[in-house]
Amino acid sequence: MRTNEHIVKRYDEELAELKKEILAMGGIVEKMIADAMRALIDGNGDLARSVIQYDREVNRKELSVDSMAVNILAKRQPVARDLRLLTMAMKVNTDLERIGDTAVNISERSLELLEEPPLKPYVDLPRMSALTQTMVKQALDSFVEGNVKLAQTVIASDDEIDALYQQIFRELLTHMMGDAKTITRAIRLLFIAKYLERIADHATNIAEMVTYLIEGEDVRHLDSR
């Protein structure tokens, strides 16, 4: 007969395994973001295509995490904070899968851009990409560690992403107004900036859920209350 101590130990192990799987998935999507941007900067079509191939692995990870979470819910029937943790894990899983999809979108636009001469030197887009990667990593670390301070750092970084997007938008708009031949390339670059902004939004979603998990305060949509 299993003792309560054994049951609790196994339950903790299952939660640890779930978090480990989420971190592994996070590591893949971080690499996808970095490689997608590197493909654009270096003009590396093979690298862009490899990012697209990673999408299948992210999808497999999503199914694995969901299955693990559902099994824990069914077997353990957790309540209170543990229930919130598992519910949040499934939401984080969804955000990560969407980040992977968005990295694929960046790679697709990069492949299109590689067919033409570069419109301009890439300065702000790499900065934006580096910051989004940091936000994703910090958001996941805050989830695994239960670190509210780190989560709040992610939330604060979203304003910097928005500012970078607006700066890129204005610069590309200037190019389009000055030369109609640049419109197609400028729009594709603008799509990439928008994709990066979307990734940052997903990282912010995770950070906001961490705040709710630890402090019980829902900080989403505060400006609309």
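The side chain to side chain contact (heavy atoms under 4.5 Å, CB included) search around S67 returns N71, not counting sequence neighbours. The side chain to side chain contact (heavy atoms under 4.5 Å, CB included) search around V70 returns M90, not counting sequence neighbours. Listed by chain and number, the residues in a salt bridge (charged side-chain N to carboxylate O under 4.0 Å, His left out) with E115 amount to none (sequence neighbours excluded). Partners of A34 by side chain to side chain contact (heavy atoms under 4.5 Å, CB included), not counting sequence neighbours, listed by chain and number: Q133. In this structure, the side chain to side chain contact (heavy atoms under 4.5 Å, CB included) partners of P126, at least two apart in sequence or on a different chain, are I41, Y122. For K75, the salt bridge (charged side-chain N to carboxylate O under 4.0 Å, His left out) partners are E14, not counting sequence neighbours. Taking the salt bridge (charged side-chain N to carboxylate O under 4.0 Å, His left out) definition, one finds that K61 meets it with E21, sequence neighbours left out.
Checked by atom type and distance alone, the side chain of T87 pairs as donor or acceptor with a backbone atom of L83 at under 3.5 Å. S157 contributes a side-chain N or O that, together with a main-chain N or O of T153, makes up a donor-acceptor pair within less than 3.5 Å.
Hydrophobic clustering of Ile, Leu, Val, Met, Phe, Trp and Tyr side chains at less than 4.5 Å, counting indirect connections, unites V104 with L111. In the hydrophobic cluster analysis, where Ile, Leu, Val, Met, Phe, Trp and Tyr join through side-chain heavy atoms closer than 4.5 angstrom, M68 is grouped apart from L63. In terms of hydrophobic clustering, with Ile, Leu, Val, Met, Phe, Trp and Tyr side chains grouped at heavy-atom distances under 4.5 Å, V144 and L150 are assigned to different clusters. Both I214 and F143 are assigned to one and the same hydrophobic cluster, defined by single-linkage of ILVMFWY side chains at heavy-atom distances under 4.5 Å. Both V136 and V148 are part of a single hydrophobic cluster, where members link through side-chain heavy atoms under 4.5 Å apart.
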Walk me through whether L140 and V92 qualify under side-chain contact (heavy atoms from CB on, under 4.5 Å). CA-CA 8 Å; L140 288 173; V92 169; 3.9 Å; yes
Please test L173 against R170 for side-chain contact (heavy atoms from CB on, under 4.5 Å), starting from the C-alpha separation and ending with a verdict. CA-CA 5 Å; L173 183 61; R170 288 191 297 268; 5.7 Å; no
side-chain contact (heavy atoms from CB on, under 4.5 Å) evaluation trace for I155 with T211: CA-CA 10 Å; I155 295 170; T211 301; 4.1 Å; yes
Chi angles and distances behind the side-chain contact (heavy atoms from CB on, under 4.5 Å) call for M88, V210: CA-CA 8 Å; M88 178 182 167; V210 170; 3.1 Å; yes
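We find the OG-CG distance between S129 and L164 to be 11.0 Å, quoted to the nearest 0.5 Å. Put simply, CG on L131 and CG on L196 are 9.5 Å apart, with the number rounded to the nearest 0.5 Å. Rounded to the nearest 0.5 Å, atoms CE (M25) and OG (S64) are 9.5 Å apart. How far CD1 of I183 is from CG of L172: 12.0 Å, rounded to the nearest 0.5 Å. Atom CD1 of I33 is separated from atom OG1 of T132 by 5.0 Å, given to the nearest 0.5 angstrom. Once rounded to the nearest 0.5 Å, the distance linking CD of Q167 with CE of M128 reads 10.5 Å.
In this structure, A151 and S142 approach most closely via the heavy-atom pair N-CB, 3.7 Å. Considering every non-hydrogen atom in both A203 and V154, the closest pair reads O-CG1, 3.7 Å. Minimum heavy-atom separation, I168 to A193: CG2-CB, 4.0 Å. Contact record, M176 with A186: CG-CB, 3.4 Å, taken as the closest heavy-atom pair. Taking all atoms of both residues into account, the shortest heavy-atom contact from A36 to S107 is CB-OG, 3.4 Å. Taking every heavy atom of both residues into account, A89 and I22 meet most closely at CB-CD1, 3.8 Å.
Every pair passing salt bridge (charged side-chain N to carboxylate O under 4.0 Å, His left out) that includes a residue from residues 22-38 is listed here, sequence neighbours excluded: K31-D35, R38-D42. Screening residues 176-196 for side chain to side chain donor-acceptor pair (under 3.5 Å) gives R109-Y195, E112-R188, E116-R188, K194-E197 as the qualifying pairs, with residues at least two apart or on separate chains. The list of salt bridge (charged side-chain N to carboxylate O under 4.0 Å, His left out) pairs with a residue in residues 141-166, not counting sequence neighbours, reads K137-D141. Within the structure, salt bridge (charged side-chain N to carboxylate O under 4.0 Å, His left out) contacts touching residues 120-136 (residues at least two apart or in different chains) are K120-E171, D124-R127.
Here the side chains of L86 and L15 are in contact, with some heavy-atom distance below 4.5 Å. Contact of the L113 side chain with the I192 side chain is registered, since non-hydrogen atoms from C-beta on lie closer than 4.5 Å. Proximity of I199 to R98: side-chain heavy atoms (C-beta onward) are nowhere separated by under 4.5 Å. Looking at L96 and E62, their side chains never come closer than 4.5 Å, going by heavy atoms from C-beta outward.
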Between side-chain atoms of residues 46-58 and protein atoms elsewhere (two or more places apart, or another chain), which donor-acceptor pairs fall under 3.5 Å?
residue: D46; atom: OD1; partner: R49; partner atom: NH2; Å: 3.0
residue: S50; atom: OG; partner: L47; partner atom: O; Å: 2.6

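With a 6.0 Å radius and a threshold of 12 heavy atoms from other residues, nucleotides or ligands, F191 has its CZ atom at or below the threshold.
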